[in-house]
Amino acid sequence: VQLQASGGGLVQAGGSLGLSCAASGSIVSINAMGWYRQAPGKQRELVASITKDGRTNYADSVKGRFTISRDNAKNTVYLSMDSLKPEDTAVYYCNAAATGWRKVLVEYDAWGQGTLVTVSS
């Protein structure tokens, strides 16, 4: 199972950006999907997650500003980011807990390649 993230870029404070992440490969099922971020000199932290049936969880720092969603038919997770702040600047990584098929069932903790979000003040 592979994840390919897209989106991100440079935006001014108060602006909006969207990220998407598509899973591919021999996928049997995808359970939880999420977005993490890592700012320079800091540890990777959970931004938001969503279960297969749509239950969401957000970091306190992004509640009310970010929205996570997913399209199960497309094996894709999205992150809509509004009212961006300079402290949101980080590399954003998507993550998925998935079951794949390689002649047997295999459990994956898959990560995307990371996409940079830069918010200027």
Margin query: Please find the pair of heavy atoms, one from Leu79 and one from Ala48, that lie closest to each other, and give the distance.
Written below: CD1-CB, 4.3 Å

Check: Which pair of non-hydrogen atoms, one from Ser16 and one from Asp82, has the smallest distance, and what is that distance?
Finding: OG-OD1, 2.8 Å

For the backbone of [Y] and the side chain of [X], can you confirm whether one donor and one acceptor N or O come within less than 3.5 Å of each other?
X: Ser61; Y: Ala59; value: no
X: Ser49; Y: Met33; value: no
X: Arg65; Y: Ser83; value: yes
X: Thr89; Y: Val119; value: yes

Notebook entry, point to check: Cluster question for you: counting only ILVMFWY and a side-chain heavy-atom cut-off of under 4.5 Å, with indirect links fine, are Val77 and Val62 together?
Noted result: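 Val77 and Val62: one cluster.
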
Notebook entry, point to check: Does a side-chain N-to-carboxylate-O contact under 4.0 Å join Asp88 and Lys85?
Noted result: no

Margin query: Name the residue from Trp35, Tyr92, Tyr36 that meets the ring-ring contact (aromatic ring centres under 6.0 Å, His included) definition with Trp111.
Written below: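 Looking at Trp35, Tyr92, Tyr36, the match for Trp111 under the ring-ring contact (aromatic ring centres under 6.0 Å, His included) is Tyr36.
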
Next item on the list: Check whether the side chains of Arg55 and Asn57 place a donor and an acceptor atom closer than 3.5 Å, and report yes or no.
Entry: no

Checklist line | Between Glu107 and Thr99, a side-chain donor and acceptor under 3.5 Å | finding: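 Thr99 and Glu107 do have a side-chain donor-acceptor pair below 3.5 Å.
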
Checklist line | Sequence-distant partners of Trp101, ring-ring contact (aromatic ring centres under 6.0 Å, His included), two or more places apart | finding: none

Next item on the list: Can you measure from SG (Cys94) to CG (Leu19) and round to the nearest 0.5 angstrom?
Entry: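 Reported value, rounded in 0.5 Å steps: 9.0 Å.
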
Checklist line | Arg44 to Tyr93 six-membered ring, cation-pi geometry met (6.0 Å, 45°) | finding: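 Because its charged atom sits under 6.0 Å from the ring centre and within 45° of the axis, Arg44 does stack over Tyr93.
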
